[in-house]
Amino acid sequence: MHKQIASRLLNWYEDAARRLPWRGVSDPYAVWVSEVMLQQTRVETVIPFYERWMRRFPTVQSLAEASEQDVLLAWEGMGYYNRARSLHKAARQVMRDYGGKLPASREALIKLPGIGEYSAGAIASIAFGLDETAVDGNVRRVYARLFDVDTPIKSPEGLERVEQIAREQLPAGLAGDYNQALMDLGAMICLPREPRCEICPLKELCLARQNGTQAERPVKSAKPEIPHWTVTAAVIWKDGKVLLARRPLNGLLGGMWEFPGGKLEAGESLKDCLKREIVEELDAPIEVGEAFGVYKHAYTHFKVTLHAFACRFVSEEPDVDGAEFVVWAAPEELQNYPMGKIDRDIARRIVSERSAAR
DNA sequence: CACGCGTGGAA
DNA sequence: TTTCCAAGCGT
């Protein structure tokens, strides 16, 4: 029988499909939001964010009309914040160019910011019923095992090999369910570690299982060692408020607010590091006071240990009025500013110490 | 095209 | 505690 993989997989999916909040929803915007949130992020993490997001921004128009700060605030905690800014930007494009309705073609979808090859195929097939492949990490792993692909999965050849398999296996008219079935299989059965081959609906068709190479598929390349930085941050007080600085839009935590500071240099003391960084960033000298906690955090490409200190400006202060990227915030206002994990931890400590002092 | 970009959960 | 991620995208 032709396309045995598709027929078996779809048969399995009828009963085994996960019930997820964005499944069975006919609104393409909902599918779009879910797909962007799911980029590099676990389903269990996404679910509560998705529910909150759809209440807060139920339509493309409501998202397009929101401020970037509110959008980032709603995204805070999920990471990869450029996704939120791209989604926001794309919503405004969809209002302007398509009357508020997502375009129903892979070619048009992929032109929108934040929608790449995978997401374009996923939205096209799931939301619009088009015959498009959607190859993500799950699908690559499943096909690498089914066809015992021995090429490194992230090499150009490995990627193209799987793309070709995906096109060959796609069942016409059923791409949406088939793509989701592949991802569910990858998430529940064909796991990265210890795949559950005994209960796999495709076990008789799996070449890696026949060859005993499941554990070696997909072939991954070695990862570089990640550096560990020591950094400092200043909680600068004035009249019961603290100073927040907004990070540049490009790069790590783009557009998010933080307590300013920076990397410790060789042979430098923590306090000297902080004084130097604040002069560099804000052009004003500070005095560094009491320590305000040590915070550890692991990003994807490096780890940090951050030392925070309570500080004051010595004499002249930076001209905050009119500056777009710095603000004095009262403790109860800190929740209104989107921050990454570490800075949110510092902000929470400020709020809790403030309330404890009363 | 290789690399930068977050976070929290599991083993 | 450390390691390894998890439904990719933009440059």
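Lettering of chains follows the sequences in order, A, B, ..., and the numbering in each one begins at 1.
- Mapped onto DNA chain B by nearest heavy atom, A/L253 and A/P156 fall at different nucleotides, with A/P156 at the one closer to the 5' end.
- Listed here is the closest heavy atom pair of A/G114 and A/Q39: O-NE2, 3.2 Å.
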Practice problem: Go ahead and write out DNA chain B as dot-bracket, 5' to 3': ( ) for pairs within the strand, [ ] for ones crossing earlier pairs, | when the partner sits on another strand, dots for unpaired; Watson-Crick or G-U wobble, both distances under 3.5 Å. | Solution: .||||.|||||

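- The only option from A/Q210, A/R8, A/Q4, A/R209 that meets the side chain to side chain donor-acceptor pair (under 3.5 Å) definition with A/E204 turns out to be A/R8.
- Within a heavy-atom distance below 4.0 Å of DNA chain C, the residues of residues 114-130 of chain A found are A/G114, A/I115, A/G116, A/E117, A/Y118, A/S119.
- Across all their heavy atoms, A/S125 and A/N179 have their closest contact at OG-ND2, 3.0 Å.
- For C/dC9 and B/dG8, the P atoms lie 23 Å apart once the distance is rounded to whole Å.
- For A/E198, the CD atom is densely surrounded, since the number of other residues' heavy atoms within 6.0 Å is greater than 12.
- Scanning residues 66-88 of chain A for heavy-atom distances under 4.0 Å to DNA chain C yields an empty list.
- Along DNA chain B, the nucleotide nearest to A/K154 and the one nearest to A/L252 differ in position, and the one closer to the 5' end is contacted by A/K154.
- Taking atom CZ of residue A/F302 and atom C1' of nucleotide C/dC4, one finds them 18 Å apart after rounding to whole Å.
- Residue pairs meeting the side-chain hydrogen bond (donor to acceptor under 3.5 Å, both in side chains) criterion with at least one member in residues 220-230 of chain A, sequence neighbours excluded: A/H228-A/T305.
- Applying a 4.0 Å cut-off to non-hydrogen atoms, the residues of residues 34-54 of chain A that approach DNA chain B are A/Q40, A/T41, A/R42, listed by residue number.
- As a whole-Å value, the separation of A/I226 CD1 from C/dT2 P is 11 Å.
- Taking the six-membered ring for Trp and thresholds of 30 and 60 degrees, A/F302 and A/Y299 have nearly parallel ring planes, at less than 30 degrees apart.
- Residue A/K296 is out of contact with every strand shown, counting any heavy-atom pair closer than 4.0 Å.
- When rounded to the nearest whole Å, the span between NZ of A/K89 and C1' of C/dC9 equals 12 Å.
- Under 3.5 Å, the side chains of A/E65 and A/Q61 contain a donor-acceptor pair of N or O atoms.
- No engagement by A/G186 is indicated, since no non-hydrogen atom pair under 4.0 Å with the nucleic acid exists.
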Practice problem: Mind running side-chain hydrogen bond (donor to acceptor under 3.5 Å, both in side chains) on A/T213 and A/R145 for me, showing each step along the way? | Solution: CA-CA 8 Å; A/T213 55; A/R145 286 178 175 150; over 6 Å; no

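- In summary, contact between chain A and DNA chain B, defined as any nucleotide atom under 4.0 Å from a heavy atom of the protein, begins and ends at B/dG4 to B/dG9 in the 5' to 3' direction.
- A/L243 and A/F259 get closest at one heavy-atom pair: O-CD2, 3.8 Å.
- Here C/dC9 presents its C1' atom at 18 Å from NZ of A/K111, a figure rounded to the nearest Å.
- With no hydrogens or angles considered, a side-chain donor-acceptor pair links A/W257 and A/Q69 at under 3.5 Å.
- Atom P of nucleotide C/dT3 and atom NE2 of A/H301 are separated by 16 Å, given to the nearest angstrom.
- Enclosure of atom CD in A/E290 is not indicated, since only 12 or fewer non-hydrogen atoms of other residues, nucleotides or ligands lie within 6.0 angstrom.
- A/V139 and A/V219 fall into different hydrophobic clusters, where Ile, Leu, Val, Met, Phe, Trp and Tyr residues are linked whenever their side-chain heavy atoms come under 4.5 Å apart, directly or through other members.
- Enclosure of atom CD in A/E117 is not indicated, since only 12 or fewer non-hydrogen atoms of other residues, nucleotides or ligands lie within 6.0 angstrom.
- The separation between A/N250 atom CG and C/dG10 atom P is 13 Å, rounded to whole Å.
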